[in-house]
Amino acid sequence: MTRLLKGKEAGEALTQKARQQVTELEKMGVTPTLLVIHVGEDPGNLSYEKGIEKRCTALGAAFRRLVLPSDLSEEDLLEVIRKANEDREIHGVLLFRPLPPHLDARRIENALLPEKDVDGMTDLSLAGVFAGRKVGFSPCTAQACMEILDYYGIDCCGKHAVVIGRSLVVGKPAAMMLLSRNATVTICHTRTKDLPAIARSADILIAAAGKPKIIGKDYMRNGQVILDVGIHAAEGGKLCGDVDGEQAEGTAAALTPVPGGVGTVTSVVLVCHVIEAALRQTEKRFDDRSGTR
Ligand code: NAD
């Protein structure tokens, strides 16, 4: 039987440290605050955003939402980010992407201060992931995958981990995190030859191609751990992942469900990052004032 790696349980475990940090912050009169920025409204982001807001409330963090017109200029968006950088009451910023094509996404993403970059989108945050240093924050979805592996005691050391997808949001950072856990990592993408054979050779398979149910029986081998990152609208208003769950049942040793798997942990990781950001920024201010830096 395939074990379901449920995001709710893994997420709950994460919130324990966050609750303690919120209590510490309360004593210093600080409410960790997330600013979510939309450039245009995309109904596809709604359920993820609702999940984040719910988690913020549950953990004692504040949630602010800014919806900007989709035709706003690059300079105007940069100004919004500059203001968020300067605002001491905002500790973390989540910018929903992709941005409209008339905007230079990398320029805008890199305008955010790494200490407020709670979704790991700046070059500095990503460099931190690649160098194994705490600069900024790691991309939440990739980290959520690691939190699930850790929570369920899945040891990566010496295992063959195959990551399908090479985006900066999921595939590449997840591969680096697996490497730092001593897995032997293969990254696959649209030009990879004989993907099913490579996928079958995995002990741990991370599916982040963004294609509904492409991971069928021919990609699987008995006893694999499969993390399904994909989220897609399926028939009847349901959601499905990149993995065909029915085909994985009985073959995979363990699988994250969709919904209720990686996505659930991703929103918890994001709010934990906001709380951690608030703590780092507050401690730095205290240190600066007392001259210990
Ligand atoms: P993306 O489109 O930026 O990247 C997809 C990657 O998969 C690319 O690198 C591409 O080379 C590769 N790919 C696409 N089709 C492939 C194929 N047929 N074979 C092999 N490789 C293929 O997407 P992304 O932002 O990395 O997101 C991936 C998926 O994860 C999407 O379904 C997205 O909705 C989902 N997602 C989930 C969460 C979460 O919290 N669970 C968060 C972010 C993204």
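Start at 1 and go down the list; that is how both ligands and their atoms are numbered. Predicted model, so just to flag it, every value in this text is computed and none were measured.
A cation-pi arrangement is not found for Arg55 relative to Phe63, the charged atom failing to lie both closer than 6.0 Å to the ring centre and inside a 45° cone about the ring normal.
Taking a cutoff of 4.0 Å between a charged side-chain nitrogen and a carboxylate oxygen, Lys83 and Glu86 do not qualify as a salt bridge. Look at Arg280 and Glu276 and you find a salt bridge, because one of the NZ, NE, NH1 or NH2 atoms lies within 4.0 Å of a carboxylate O, short of that distance. Ion pairing of Arg106 with Glu109 is present here, as a side-chain N (NZ or NE/NH1/NH2) and a carboxylate O approach within less than 4.0 Å. The pair Arg181-Asp155 does not count as a salt bridge, with every side-chain nitrogen at least 4.0 angstrom from each carboxylate oxygen. One finds no salt bridge joining Lys213 and Asp228 here, because no Lys/Arg side-chain nitrogen approaches an Asp/Glu carboxylate oxygen to under 4.0 Å. The pair Arg3-Glu9 does not count as a salt bridge, with every side-chain nitrogen at least 4.0 angstrom from each carboxylate oxygen. Between Glu75 and Arg107 there is a salt bridge, since at least one side-chain N of the basic residue sits less than 4.0 Å from a carboxylate O of the acidic one.
The number of heavy-atom neighbours closer than 6.0 Å to NZ of Lys134, taken from other residues, nucleotides and ligands shown, is 12 or below.
Regarding atom 44 (C) of ligand 1, its nearest protein heavy-atom neighbour is Val170 CG2, 4.2 Å. Protein heavy atom nearest atom 9 (O) of ligand 1, with residue, atom name and distance: Arg166 N, 2.8 Å. For atom 34 (O) of ligand 1, the closest non-hydrogen atom on the protein side is Ile231 O, 3.7 Å. Of the protein's non-hydrogen atoms, Ile214 CD1, 4.2 Å is the one closest to atom 17 (C) of ligand 1. Distance from atom 21 (N) of ligand 1 to its nearest protein heavy atom, with residue and atom name: His189 C, 3.2 Å. When only non-hydrogen protein atoms are considered, atom 41 (N) of ligand 1 lies nearest to Val229 O, 3.2 Å. Here the protein heavy atom with the shortest distance to atom 15 (N) of ligand 1 is Lys211 NZ, 3.3 Å. Ranking the protein heavy atoms by distance from atom 26 (O) of ligand 1 puts Ser167 OG, 2.5 Å first.
Close to ligand 1: Ala208, with a non-hydrogen atom less than 4.0 angstrom away.
Listed by atom number, the atoms of ligand 1 under 4.0 Å from Leu195 heavy atoms are 19 (N), 20 (C). Those atoms of ligand 1 with a heavy atom of His232 less than 4.0 angstrom away are 32 (O). The atoms of ligand 1 that sit less than 4.0 Å from any heavy atom of Ile164 are 20 (C), 21 (N). Close contacts of ligand 1 with Gly165, meaning ligand atoms under 4.0 Å from a residue heavy atom, involve 6 (C), 7 (O), 9 (O), 12 (C).
Looking at Thr190, Thr266, Leu227, it is Thr190 that brings a heavy atom closest to atom 10 (C) of ligand 1. When Ala209, Pro196, Cys188 are checked for heavy-atom proximity to atom 7 (O) of ligand 1, Ala209 turns out nearest. Taking each of Gly210, Pro259, Gly263 in turn, the one with a heavy atom nearest to atom 32 (O) of ligand 1 proves to be Gly210.
Take His38 and apply the ring-ring contact (aromatic ring centres under 6.0 Å, His included) test, not counting sequence neighbours, and it matches Phe96.
Closer than 4.0 Å to atom 23 (O) of ligand 1 lies none of the heavy atoms of the protein. Counting protein heavy atoms under 4.0 angstrom from atom 36 (N) of ligand 1 gives one or more.
Transitive grouping of hydrophobic side chains (ILVMFWY, heavy atoms separated by less than 4.5 Å) keeps Leu112 and Phe137 in distinct clusters.
Of all the heavy atoms of Thr192, none lies under 4.0 Å from any atom of ligand 1, so neither backbone nor side chain is involved.
His273 has its side chain out of reach of His91: every pair of non-hydrogen atoms, C-beta onward, lies at least 4.5 Å apart.
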